[in-house]
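The structure displayed is predicted, hence computed values, not measured ones.
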Amino acid sequence: MVSGNIFHCRKNSWPPGEYISKSTLQLFDYDSSAPPEQAWRRRLNSHANLLKEFRVTFMEAIKMVRLGIRIWSYVREEASHGRKAPIDPFTRESCKPSASQGVPLGGMGSGSISRGFRGEFRQWQIIPSLCESSPVMANQFSIFISREGGNKNFSSVLAPGQHEGLGSSKKPDDQGISSWGWNLSGQHSTYHALFPRAWTVYDGEPDPELKISCRQISPFLPHNYRESSLPAAVFVYTLVNTGKERAKVSLLFTWANSIGGSSHLSGNHVNEPFRAEDGVSGVLLYHKTAKGNPPVTFSIAACETQNVSVSVLPSFGLSEGSSITAKDMWSKMVKDGQFDQENFNSGPSMSSSLGETLCAAVAATAWVEPHGKCTVAFSLAWSSPKVKFVKGCTFNRRYTKFYGTSEKAAVDLAHDALTNYSRWEEEIEKWQNPILKDETLPEWYKFTLFNELYFLVAGGTIWIDSPLLSSSMRNGQDRARELENAVVKETEDKINGRKRTFVERTADSTYETNATTGHNCVDENIYGHDNDDDVGRFLYLEGVEYIMWCTYDVHFYASFALLELFPRIELNIQRDFARAVLCEDGRKVRFLAEGNWGIRKVYGAVPHDLGTHDPWYEMNAYNIHDTSKWKDLNPKFVLQVYRDFAATGDLQFGIDVWPAVRAAMEYMDQFDRDGDGLIENDGFPDQTYDTWTVHGVSTYCGCLWLAALQAAAAMALELGDRDFAETCKRKFLKAKPAFEEKLWNGSYFNYDSGSSGNSKSIQADQLAGQWYTASSGLPSLFEDSKIKSALRKVYDFNVMKVKGGRMGAVNGMHPNGKVDETCMQSREVWTGVTYGVAATMILAGMEEEAFTTAEGIFLAGWSEDGYGYWFQTPEAWTMDGHYRSLMYMRPLAIWGMQYAMNRPKAILEAPKINIMDRIHLSPLIGGFSHNETGNFHTIPTQPNPLLEKL
C-alpha cells in the first residue's frame, strides 16, 4: 500500500456527522442502515446546476470545417437508414445535462437505469446504444404517516418539491403527478453514495418524529459472474419512531410503464399484479417497445413480513380520462394508507392506448411503536432478455442463463433480490472494507475509487450469455443481407509460409481463420473454458456520446478495473480482439478526416473498436481516421495481453492469443522506415489523441512500442517461441538508444522528434509504456532517474501550473509554463489519463505527487466546489471546467492506481531476474538472425520446461 500515513490529514473526508445529527446516526447504527464513514454526500436541496460543454476555438473550427461537413453528411446518411452515427456532435438531447446524477441500479450488461441523488430515475439504457436521459417523474417513493390520536398526519413524495422535472406550476385540476404531495424541502435530507450502494437519510422530514433511511443495493459483486449480471435493485427502508405515539407508516412505490423518453405513450402496454413465494408481492409491467425492439418487463415488489402488509394498485393513469388517475391513487393512500386486497385478483389490465401513460403502485404498510424500529424492503427488476443490434444479431443476455427468457422472469428476479440482498451486502463489504479501513489512503480516494465503477453499469454495458455467435440467432433477412455483403479473401503469407482464409461476414455468421493455432474465430476453444465455465461476452461503450463498443485505445486505461474485479471478462475481451487481429474485412469505408477511402479492417491491425450496430462482425465503427495506420493500438494490445497473462497466470489464455500478439507486432514493422527499430508517426493524429498531430518519433507511441517489444519478448520466451523473443530483443536494443537520443532533453521526453511549435511540449502521458511495463513486473524501460525526472516535470508543469493542481494534468504544456494550445486535445485535461499518470507515479515511488495529481480530478469533478461531474465523469474538461463527452470509459483508470499499490501475487512473486537477460541472442547469419529468415515457430504442444515456473 501507500508508504506511510502521509494523507491522513487531508480535508476531503466528508464525515457523516457533518450531514446528519449524531443522535440520528446512533439510531441507525445497526443492519447497515447508517451511511458509511467514507461516501460521496449531498443534501437533497442542493442545486443541480446545468453543465457547460466545451467549445472549439475559432482557429480550431477553421481547421476542422471540412471534417465537420463530412461528419454532418455521414450523420444524416445514417439517420436515413434509421441508425445513430457513432459520433454525432450536432444532435443535442432535449434534457440538458445537469449535476444531478447518482448511483445507477442493477448489475452489469442487462440494461441500466440511473438514479439521481434527489431520487429521480433517469438515464435509461435498456435498448443498446440508446440513452434516454430525462427522468420519469412518476417513478417515485412516497410516504404516508398517521399517528394514534389522529392529530399528526404527514404525506409526501420522498423527493424535493422544487425539482425541475415537475415543470413550473401546479394546476388546481391536474389529475397527474403534480397533484401529489411534493412537501419535502430536502434541507434535512441527505444522500450518501458508495457504489454499488447508496443511502438517503431523511432526518425528520416530512415527520419530525420519524427518522428514515433508504438503502439502495445493486448486485455488483466482484468475481461473482452470476449475480453481477442481474437487472435488479433493492431499496431497504429503516424507520425509527422517536415520538410517543404509535405511527402507521405506509411507503409507496410508483412506476410508469416506460423505458424512458416518450416510450410510455406508444401504447399496447399491460400491467398485472402478482403474488410470489416468501411474501413477495407486486406488479408486473409488460412494455411493448417501439421500432421492433424486444419487449421489456418490469417488476416492482415489496416483501410482506409479520409486521408489514403489502397491497397493490395494478394500474392508474396520469390524465383525466384514466379510470383511476394519479390524483385518485394519492387520495386513496392519504385516506387509507393502503390499497384494496382484491386488487391482486384483477388480472392483466387493458392494453394502454396510444398517448396514454400506464402506471402501477405497490404499498407497504407497518405500525412502528414509540421508540421502535421497522424495516420495509422493495425491489425493482426489469427483464429484457434479448439484445437486438440494429444491423446484426439478436443475443440472449447473460442473466437468462439462470432465469430463462420468459417475460415473467422479472418476478423471480424481484423475488430473489429481496431474499438475497443481505448476502449481497456481505459480499460488498468484504470486498470494500480492506480499502475503506486503510488509513494510509486519503478519504476522497477511497469513495471515488468505488464510485467511478458506476460506468461498468451505466456505460451502456451488454453482457451476453454465450461466446458462440450461432447462426440460429439470425433471421432470414439477416442471412440474405450477409450473403450480399460477404467478403471472402484468401491471402498467401509469403513471409511465414502460411495460408490464411478470411471470412469477414458469411451466411453462417462466423469468422474463420486457418492459422497456426487451428482455432476457428468463434470456436469456444479460443475461450480456454468449457461451456459450463464460460462467462459470456461483454461489451461496454467508449461513452454515452461516443457509441462504439470496447474502444480499445481507451480500454487500455479502463481495463485495470475489469482485471481487478472481473478478470475472466477482461480475458474474454482480449480474446475478442485477438480474434479480430487475425481477420480482415474488405468492405470499403470512407474516412472522414481526409475524405479518402480504405477497407474496414486490415489483417494484423488491432481494430479501434468492436463496432456499433453489429458488434464483432462489423468492427471499426470509428471512421474519422484510418486506424489501421494508428501507432498505439497494436502496442496497447500486446501490453494489455502480457499484463493480463502475467497477472492471472492463465497459460491457456497466453497460448490462445499468442498468434495474434505475434501478428500485431509483425504488422508494426512497416512503420519503422529508417531501420532504427522505432516506429514513426505519419504527420497526422495517428493515436488516441486523435486531433493532436504527431511528426516522426513520438514520446507516447514510441514509449508504448518499446514497452511492447519487451512484453512480446517476455511472452515469447515464456511460451517457448525463442526465435521471436530474440527478434523482439534485438529490436528493443536498437530502438531504446534511438528513442532516448531523439527525444530525451535532459529533464523529460519531448512530444515528438519533429520541428513543429509543440515538438518540445511536455506531454502528461509520455510514460504510458512505462506504466504498463511496471504494472506487468517487467524491467523499467529507462533509468529510474529519467523516469522520476520526467514525472516530476509533468507534476510541476502539467499539474501544478494549472490552478494549483486542482484540475488534474493538462495533456500538453510548453516548457515556458504555458498550456499547449496547438489543438483542442492538447489544451484539455483528460480525467482517465490523469489517473494513469498518477498510477505511473505510484509505481515510481512518487506517492505524494500521485495522489495530489489525481485529487485534482476529484476536486474539479466530484467535490462540492467542483463542476458537477459526479457519476458522469467526462473524457475531458477545459481550463474553465467545460466538459467534453460525459459518462466516459477512460476514468476507470483510477483502478490503475489501486492496481499499482496492490499488484497481483503472480507479478510480485515472479523471479527478479531481468527477463531480457534470459533471452540469449543467436549469432547473426548474413546480417540476419536465424529467426529473421522466415521460419515460423509454433507454440509447443508438449510440456515445456520454461512453462513449469508458471
Side-chain angles (χ1 to χ4, degrees), residues 493-498 515-517 578 581-582 604 634-635 637-639 641-643 645-646 651 654-679 702-740 769 772-773 776-782 910-950:
D493 189 333
K494 305 291 184 183
I495 298 175
N496 291 317
R498 295 170 300 189
T516 16
T517 58
V581 168
L582 301 176
N634 282 39
F637 170 70
V638 175
L639 289 172
V641 163
Y642 183 76
R643 177 206 57 190
F645 175 60
L651 179 59
I655 293 171
D656 289 342
V657 300
W658 176 245
V661 171
R662 179 161 176 163
M665 291 298 292
E666 291 168 343
Y667 181 85
M668 297 302 290
D669 288 343
Q670 63 184 300
F671 302 121
D672 177 12
R673 298 183 176 88
D674 57 5
D676 64 353
L678 282 173
I679 57 172
C703 187
L704 289 170
W705 175 241
L706 287 179
L709 284 170
Q710 185 171 242
M715 193 167 181
L717 180 67
E718 294 187 38
L719 292 177
D721 193 347
R722 289 182 175 276
D723 285 352
F724 195 70
E726 285 190 40
T727 298
C728 292
K729 180 175 180 177
R730 289 184 190 280
K731 289 179 181 177
F732 178 84
L733 293 176
K734 183 188 290 187
K736 179 182 172 180
F739 179 86
E740 297 191 63
Y772 260 73
T773 293
S776 304
L778 292 170
S780 293
L781 297 176
F782 314 108
K912 299 304 178 186
I913 184 172
N914 189 320
I915 191 79
M916 298 298 270
D917 291 343
R918 292 169 53 203
I919 302 173
H920 303 290
L921 299 180
S922 305
L924 294 176
I925 304 173
F928 295 94
S929 64
H930 176 65
N931 63 296
E932 295 174 307
T933 60
N935 296 320
F936 177 75
H937 295 259
T938 61
I939 301 166
T941 56
Q942 298 300 318
N944 187 308
L946 285 169
L947 303 180
E948 296 301 319
K949 66 182 183 63
L950 295 176

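- The distance from the CG atom of Leu704 to the CZ atom of Phe637 is 14.5 Å, given to the nearest 0.5 Å.
- Under the 6.0 Å cut-off for aromatic ring centres, Phe739 and Phe782 qualify, their centroids lying closer than that.
- Contact record, Ser776 with Ala646: O-CB, 4.1 Å, taken as the closest heavy-atom pair.
- Screening Leu678, Ile679, Asn634 for a side-chain contact (heavy atoms from CB on, under 4.5 Å) involving Phe671 leaves a single residue, Ile679.
- Met665 contributes atom CE, which lies 4.0 Å from atom CG of Leu709 (distance to the nearest 0.5 angstrom).
- Of all non-hydrogen atoms in Ala660 and Val581, the two that sit nearest each other are O-CG1, 3.7 Å.
- The NZ atom of Lys729 sits 11.0 Å away from the CZ atom of Arg918 when rounded to the nearest 0.5 Å.
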Please determine whether side-chain contact (heavy atoms from CB on, under 4.5 Å) holds for the pair Phe724 and Glu666, giving the CA-CA distance in whole Å, both sets of side-chain angles, and the decisive distance to 0.1 Å.
CA-CA 10 Å; Phe724 195 70; Glu666 291 168 343; 4.1 Å; yes

Can you check side-chain contact (heavy atoms from CB on, under 4.5 Å) on Val657 and Met715, steps first, answer last?
CA-CA 11 Å; Val657 300; Met715 193 167 181; 4.0 Å; yes

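- Applying the side chain to side chain contact (heavy atoms under 4.5 Å, CB included) criterion to Thr773, with sequence neighbours excluded, gives Ala707, Gln710, Gln770, Leu778, Leu781.
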So Met916 and Leu733, side-chain contact (heavy atoms from CB on, under 4.5 Å) or not? Walk me through it.
CA-CA 10 Å; Met916 298 298 270; Leu733 293 176; 5.8 Å; no

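- In this structure a side-chain-to-backbone donor-acceptor pair under 3.5 Å is present from Trp705 to Gly677.
- Of the inter-residue distances, the one linking Asp721 atom CG with Cys728 atom SG reads 8.5 Å to the nearest 0.5 angstrom.
- Taking the side chain to side chain contact (heavy atoms under 4.5 Å, CB included) definition, one finds that Asp672 meets it with Asp674, Asp676, Glu680, sequence neighbours left out.
- Heavy atoms only, all atoms of each residue included: Ala663 and Leu582 are closest at CB-CD2, 3.8 Å.
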With side-chain contact (heavy atoms from CB on, under 4.5 Å) as the criterion, how do Ile919 and Phe732 come out once you've worked through the C-alpha distance, each side chain's angles and the decisive distance to 0.1 Å?
CA-CA 12 Å; Ile919 302 173; Phe732 178 84; over 6 Å; no

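- Here the side chains of Leu719 and Phe645 are in contact, with some heavy-atom distance below 4.5 Å.
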